[in-house]
Amino acid sequence: MRTWIAAAAAFAMFGVLEAAAKDPPPAAPDYEAQVRSYLTAQATKHTDAGFTADAANPDLVRSLTLEGGAVVWPIELRRGRAYRVFAVCDNNCSDVDMDLYNAAGVLVGVDVTGTDKPYVEIVPTADGTAFARIWLATCEAEPCFIGARLYQKRL
């Protein structure tokens, strides 16, 4: 009788172990992939206005904290084109803000509207490097990830 009970307990335990092996714990979210998918999902807003992603300036994806300040993203711009700098943040963030400085360091645009999808537009008068400053206004579980993409169109 004891052998039978031991065998039943072993089979029951094996079943529990087998079930655990089939159902691994959920993976931690891949926030970088999440942010990249949001950049792609929001592209229509800009492409419908005639803009295309600027391949000369790769996307920016970075983690930030509320106390960590802002990231300053240098972007190369050319005269004769209009540009939009667009940002997003991950699911732990509901508000990311941005401002844009031209090559001379003059503030040319700000989006602090309480959205997680800000964008600023610029039409440079000369070729040069502009700077987008992006920071978190909210983040529920730090660090939060932000992403930015540059769009352009010929004038």
Side-chain angles (χ1 to χ4, degrees), residues 16-155:
V16 169
L17 292 176
E18 183 179 326
K22 288 182 183 177
D23 298 324
D30 182 351
Y31 292 112
E32 183 175 336
Q34 188 180 89
V35 164
R36 288 188 187 282
S37 73
Y38 292 155
L39 285 171
T40 300
Q42 293 298 316
T44 304
K45 176 182 203 171
H46 307 290
T47 57
D48 284 353
F51 288 84
T52 58
D54 186 325
N57 290 278
D59 292 348
L60 169 75
V61 176
R62 175 113 3 114
S63 65
L64 289 176
T65 62
L66 287 170
E67 297 298 321
V71 61
V72 176
W73 184 36
I75 49 177
E76 295 299 319
L77 306 181
R78 296 179 57 193
R79 184 174 57 85
R81 297 176 189 210
Y83 291 90
R84 283 186 179 177
V85 181
F86 170 67
V88 297
C89 59
D90 69 29
N91 286 346
N92 293 320
C93 163
S94 59
D95 186 3
V96 62
D97 294 328
M98 175 174 44
D99 48 28
L100 184 64
Y101 298 83
N102 67 15
V106 175
L107 179 66
V108 295
V110 177
D111 188 336
V112 291
T113 57
T115 180
D116 59 350
K117 300 169 197 74
Y119 76 92
V120 178
E121 194 167 322
I122 182 174
V123 179
T125 57
D127 294 356
T129 303
F131 299 91
R133 187 172 67 101
I134 304 163
W135 68 96
L136 296 171
T138 64
C139 178
E140 294 174 16
E142 295 186 278
C144 284
F145 277 73
I146 59 95
R149 182 174 288 167
L150 183 66
Y151 291 89
Q152 56 107 6
K153 73 176 174 180
R154 291 184 187 271
L155 297 177

Working note: Asn57 + Glu76, criterion side-chain contact (heavy atoms from CB on, under 4.5 Å); need CA distance, chi angles, decisive distance, verdict. CA-CA 7 Å; Asn57 290 278; Glu76 295 299 319; 4.0 Å; yes

Might you point out which heavy atoms bring Arg78 and Pro124 nearest each other, and give the distance in Å? O-CG, 3.4 Å

All pairs passing side-chain hydrogen bond (donor to acceptor under 3.5 Å, both in side chains) where residues 62-71 contributes a residue, at least two apart: none

Taking the side chain as everything from C-beta on, heavy atoms only, tell me whether Val120 gets closer than 4.5 Å to Arg84. no

Please check if the side chain of Thr138 supplies one atom and the backbone of Ser94 the other of a donor-acceptor pair under 3.5 Å. yes

Would a distance-only check, ignoring hydrogens and angles, find a side-chain to backbone donor-acceptor pair under 3.5 Å from Glu142 to Leu66? yes

Heavy-atom pair with the smallest gap, counting every atom of Trp73 and Pro58: CZ2-O, 3.2 Å

Give a yes or no answer on whether the side chain of Gln34 reaches the backbone of Asn91 with a donor-acceptor pair at less than 3.5 Å. yes

Measure the CG-CZ distance between Leu107 and Phe131 for me, rounded to the nearest 0.5 Å. 14.0 Å

How long is the gap from OG1 on Thr52 to CZ on Arg81, to the nearest 0.5 Å? 8.5 Å

Here the pair of heavy atoms bringing Val96 nearest to Val88 is CG1-C, 4.2 Å

Any donor-acceptor pair under 3.5 Å from Asp111 side chain to Thr113 backbone: yes

For the residue pair Tyr83 and Leu150, establish whether any side-chain heavy-atom pair is separated by less than 4.5 Å. yes

Would the distance check show the side chain of Tyr38 and the main-chain N or O of Lys117 forming a donor-acceptor pair, the cut-off being under 3.5 Å? no

Inspect cysteines Cys144 and Cys139 and report if their side-chain SG atoms are under 2.5 angstrom from one another. yes

Would you say the side chain of Val123 lies within less than 4.5 Å of the side chain of Leu155, judging by non-hydrogen atoms? yes

side-chain contact (heavy atoms from CB on, under 4.5 Å) with Leu77: of Ile122, Asn102, Asp54, Val85, only one passes, and it is Ile122

In the structure I gave you, are the side-chain heavy atoms of Thr115 and Asp95 within less than 4.5 Å of one another anywhere? no

Taking salt bridge (Lys or Arg N to Asp or Glu O under 4.0 Å) as the definition, give me every residue that meets it alongside Glu32, ordered by chain and number, with sequence neighbours left out. Arg36

Of all residues at least two apart in sequence or in a different chain, which pass the salt bridge (Lys or Arg N to Asp or Glu O under 4.0 Å) check with Asp99? Arg133

I need the minimum non-hydrogen distance between Trp135 and Ala70, along with the two atoms involved. CB-CB, 3.7 Å

Consider side-chain contact (heavy atoms from CB on, under 4.5 Å). Of Tyr151, Tyr119, Phe51, which one does Lys45 pass it with? Tyr119

side-chain contact (heavy atoms from CB on, under 4.5 Å), paired with Leu60, selected from Ile146, Leu39, Val35: Ile146

Would you confirm whether Asp127, through its side chain, and Arg79, through its main-chain N or O, come within 3.5 Å as a donor-acceptor pair? yes

With a 4.5 Å limit on heavy-atom distance, are the side chains of Leu100 and Ile75 in contact? yes

